[in-house]
Structures are given as C-alpha cells and as structure tokens.
Number of protein chains: 2
Amino acid sequence: MSKNKEKLKMVLHKEGLRFTNQREAVWNEIVTCDEHRNVDDIYMTLRKNGILVSRATVYRTIDVLVKNNMVRKLDVGVGPSKFEHKMNAPHHDHMICIQCGRIEEFVDDQIENLQDSVAKEYEFKLVRHIHQLFGICKDCQ
Amino acid sequence: MSKNKEKLKMVLHKEGLRFTNQREAVWNEIVTCDEHRNVDDIYMTLRKNGILVSRATVYRTIDVLVKNNMVRKLDVGVGPSKFEHKMNAPHHDHMICIQCGRIEEFVDDQIENLQDSVAKEYEFKLVRHIHQLFGICKDCQ
DNA sequence: AATTATTTGAGACTCATTCACAATAAGGGC
DNA sequence: GCCCTTATTGTGAATGAGTCTCAAATAATT
Ligand SMILES: [Mn+2]
Ligand SMILES: [Mn+2]
Ligand SMILES: [Zn+2]
Ligand SMILES: [Zn+2]
C-alpha cells in the first residue's frame, strides 16, 4: 500500500471515520498535484477522470484533511479558498499577485522563529498561521 | 474642520468621488471606535444612532477606505470580515483565538523588515500583507 | 443475513457580499 | 441660489461559496 494511502487510513482511523473510495479518490487527487486549486478545480478534475464524487463529499473530505495537517487551506483574498497538499514539502508561506493571481511560495525560518517568540511572549498557544504578501509580481510590473 | 474629515475629503477628491453625508457618517463611525467590527456591527450602530445609511453604502464606503489605507480589513477565518481604522496607530498584525474569537494585536519590526527583504528578493512589489496567528489565547487555555 | 451506524449525493439553504436600477443629492457654472 | 449633469444612494434581487438535510447506499458488527 502506498505511503499516502497509509497516511489517510491512519488519520481516518484516528478520527473514527471510515476509509471509503470517495475519501481515497479526493486525497489521491490532491496529493498527486502540486498546484493551488479550489474545491471546484479538484471536483471537476475528478469528474473529468470519470471518478464521481459529489461536491459535498469533496468539501467534507478536505475539511478532514485540513484539520489533520495533510492539506493547507489558502485564502487568496478573492474568490474561493485554494488548497494544496503538505506532503514532502517544507512549510512555506505565499506571495500573491493582485494583478494576475500568481502564487509564489517563500520560506523564511527567521520569520517563523520570531513568530514563535511573539506567541510565547503573549502566552498564546500557536496552532497555525497565515502569512501572505499581496502585491505585484515581477512579470506584472 | 476635524483632521479626520479633512482626510476623508482629500481621499475622496483624489479618487474623484463626492463628499456625502453617508460617506462622512460611515467614516466617522469607524474612526471613532477602536474595536474590530464587521460591516453589520457598523451598520447597526449607525442605525441605532439614528443615522440611516444603507448596508450597501456601508460596504461601498468601506471599500474606498480600505483601498486608501484608512481602514484595515481583517479576515478572521470564520464569518464576515472585520474592520478597524488605521489612524494614529502604528502598523500591527493579529493573533486570533480559535476558541473565543478574541483578537490581540502585535507589532514586530524585525518581522516587517524580513518581510520586505523577502519581497525584494523575489522582485515582488509589496502592497499589503496579512500575518495572522491562530491559536488558543491565554484565557482559553 | 440481519442489524446498526456511517457516509454519500442531490439539492435546498444560508449568509456575506455584490449588483441593477430608479430616485435622490452633489458639484460646477451661471 | 438655480440649473444641469453626473455620481450616489437605497431597495431588494442576485450571486456564489460553503453548509445542511435527509433518504438511499454502503460499511462494520453481530
Ligand atoms: Mn503553497
Ligand atoms: Mn487591529
Ligand atoms: Zn502577476
Ligand atoms: Zn480565547
């Protein structure tokens, strides 16, 4: 069994949820693509590949995946949220072009550390964060 | 004429928009309150004070204010966006309790600088940013 | 196989926000 | 101030992402 399938089984078990074809299909579609896509993108791709899963099930499954750190939810400020899997990739944040919508990823460990310090200072138990830079990308300038 | 009224007049003029009672009332309601409120909070407060401005106008006015750096839009992850004026206060970001919804502000110049460096590195023209920490606040732990 | 509990799909629903359009009000010149 | 042009407003309808309901399907348990 593939590593990713294992992972899904584990998480579903931990959550007391059943392993179903639909959940596997959704996870598989997400984990085998490295783009930032919205629910409809994912739903339509599944459908195009002849895999019939309802939109509601895509939403429901993604909720579970996000809750369990397998998928990152990305609010790009306009339109529906986007999603990307978190397998085999270090944590990163995003720069979003307000002109063309391009999403670029960035990593900055110093910022991450400072962020932890801030949380500690306020005795705030940090669960997740959003750090997004909005502006004009190189190509759009 | 008050400083804030001046400011509004300037911005509206710059945008080629007219100075109206409604726009003044909305700006006045926002600038004289230091909380993080959603459109409906603001709308209802105006209404409670006998100032009849339609919801659509509140939305429209806030758009202008946000676009012109007089108001910050705050997406708290659940429910409607919140807003706060940006007068007489240094830039800050937010920590949001996912339990009770409390919003705490924080300032970190080092993070701001690193952020600028990242943008420069990618030749990305930074216009605005969101940096929000989600977690459990001191009181909710 | 029968029983019980969960999941699914379909579509209705919610709720924040936007839109269309007729009525109203600003601003600039006279 | 008055007229004219154009922007703004209020109303309520429309939109659209996301959630919910519930009956049918599927899975687990006996
Ligand atoms: Mn990414
Ligand atoms: Mn604030
Ligand atoms: Zn761009
Ligand atoms: Zn709290």
Side-chain angles (χ1 to χ4, degrees), chain A residues 5 8-9 11-30 36-47 49-68 71-83 101, chain B residues 1 5 8-30 36-47 49-68 71-83 101:
Chain A
K5 188 167 176 181
L8 179 63
K9 277 205 153 154
V11 163
L12 290 177
H13 187 259
K14 195 201 72 175
E15 289 277 335
L17 298 171
R18 292 176 181 171
F19 181 87
T20 64
N21 292 337
Q22 289 87 336
R23 285 173 176 153
E24 185 178 13
V26 172
W27 171 230
N28 206 51
E29 178 52 42
I30 292 175
H36 301 90
R37 296 184 296 171
N38 63 37
V39 167
D40 235 55
D41 295 333
I42 294 162
Y43 169 73
M44 293 309 281
T45 305
L46 282 165
R47 168 160 287 256
N49 297 340
I51 298 163
L52 299 179
V53 177
S54 74
R55 223 178 292 261
T57 294
V58 177
Y59 273 105
R60 289 187 282 230
T61 303
I62 288 178
D63 281 351
V64 177
L65 299 175
V66 168
K67 187 175 165 210
N68 286 279
V71 165
R72 177 180 297 114
K73 181 177 180 179
L74 195 58
D75 186 335
V76 294
V78 59
S81 296
K82 302 198 169 191
F83 300 88
Chain B
M1 197 188 314
K5 188 167 174 181
L8 178 63
K9 277 206 154 155
M10 261 186 46
V11 163
L12 290 177
H13 187 260
K14 195 201 71 174
E15 289 278 333
L17 299 171
R18 292 174 183 175
F19 181 87
T20 64
N21 292 337
Q22 288 88 334
R23 284 175 176 149
E24 185 178 13
V26 171
W27 171 231
N28 207 48
E29 178 51 43
I30 292 175
H36 301 92
R37 296 184 296 172
N38 64 37
V39 167
D40 235 55
D41 295 334
I42 295 162
Y43 170 73
M44 293 309 281
T45 305
L46 283 165
R47 168 160 287 255
N49 296 342
I51 299 163
L52 298 178
V53 177
S54 73
R55 221 179 293 262
T57 294
V58 178
Y59 273 104
R60 289 186 283 230
T61 304
I62 288 179
D63 280 351
V64 176
L65 299 175
V66 168
K67 185 175 166 210
N68 288 277
V71 166
R72 177 180 298 117
K73 181 177 181 179
L74 196 57
D75 185 335
V76 294
V78 60
S81 296
K82 301 198 166 189
F83 301 88

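Since this is a predicted model, take the numbers as computed values, not measurements. Residue numbering restarts at 1 for every chain, and letters A, B, ... go by the order of the sequence lines.
Rounded to a whole Å, the CZ atom of B:Arg47 is 11 Å from the C1' atom of D:dG10. For the pair B:Tyr43 OH and D:dG12 P, the interatomic distance rounds to 10 Å; values are reported in whole Å. The OH-P distance, from B:Tyr59 to D:dT8, rounds to 20 Å in whole Å. Note: CG (A:Asp63) to P (D:dA17) measures 16 Å, nearest angstrom. In this structure, the CD atom of B:Glu24 is 15 Å from the C1' atom of D:dT8, given to the nearest Å. Counting to the nearest Å, the P atom of C:dT17 and the CG atom of A:Asp75 are 12 Å from each other. To the nearest angstrom, C1' of C:dA26 lies 10 Å from CZ of B:Arg23. Taking atom CG of B:Leu8 as the reference point, atom P of D:dT8 lies 12 Å away to the nearest angstrom.
Of the candidate nucleotides C:dG27, D:dG10, C:dT7, C:dG27 has the atom nearest to the side chain of B:Phe19. The side chain of A:Pro80 lies closest to D:dG18, out of C:dT17, C:dG9, D:dG18.
By the 4.5 Å heavy-atom criterion applied to side chains, A:Val66 and A:Arg72 are not counted as neighbours. With a 4.5 Å cut-off on side-chain heavy atoms, B:Arg23 and B:Trp27 do not count as touching. At a threshold of 4.5 Å between non-hydrogen side-chain atoms, the residues B:Arg37 and B:Thr45 count as touching. Counting only heavy atoms from C-beta outward, the side chains of A:Arg60 and A:Gln22 never approach each other to under 4.5 Å. Residues B:Asn28 and B:Lys5 form no side-chain contact, since every pair of their non-hydrogen atoms from C-beta on lies 4.5 Å or further apart.
Between A:Asn21 and B:Asn21, the residue whose closest nucleotide on DNA chain C is further toward the 5' end is A:Asn21. Between B:Val53 and A:Val39, the residue anchored closer to the 5' end of DNA chain D is B:Val53, taking for each the nucleotide with the nearest heavy atom. Residue order along DNA chain C, read from the 5' end via each residue's closest nucleotide, puts A:Val58 first among B:Asn38 and A:Val58.
Within the structure, every side-chain polar atom (N or O) of B:Thr20 is placed at least 4.0 Å from both OP1 and OP2 of D:dT8. Side-chain nitrogen and oxygen atoms of A:Ser81 include at least one within less than 4.0 Å of the OP1 or OP2 phosphate oxygen of D:dG18. Not one side-chain nitrogen or oxygen of A:Arg55 sits closer than 4.0 Å to the OP1 or OP2 atom of C:dG9. In this model, the phosphate group of D:dT9 is not approached by any side-chain N or O of B:Ser54 to a distance below 4.0 Å at OP1 or OP2.
The salt bridge (charged side-chain N to carboxylate O under 4.0 Å, His left out) search around A:Asp63 returns none, not counting sequence neighbours.
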For a side chain to side chain contact (heavy atoms under 4.5 Å, CB included) check, start with the C-alpha distance between B:Ile42 and B:Ile62, then their side-chain angles and the critical distance, and finish with the verdict.
CA-CA 10 Å; B:Ile42 295 162; B:Ile62 288 179; 4.0 Å; yes
B:Val58 and B:Glu29: side chain to side chain contact (heavy atoms under 4.5 Å, CB included), yes or no, with the steps?
CA-CA 10 Å; B:Val58 178; B:Glu29 178 51 43; over 6 Å; no
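How far CD1 of B:Ile30 is from CG of B:Leu8: 10.0 Å, rounded to the nearest 0.5 Å. Atom-to-atom distance recorded for B:Ser81:OG and B:Asn38:CG is 9.0 Å, nearest 0.5 angstrom.
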Protein and nucleotides 20-26 of chain D: nitrogen or oxygen contacts under 3.5 angstrom:
none

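Direction of the helix axis in the helix from C:dA1-D:dT30 to C:dC30-D:dG1 shifts by 30° between the two five-pair termini, rounded to 10°.
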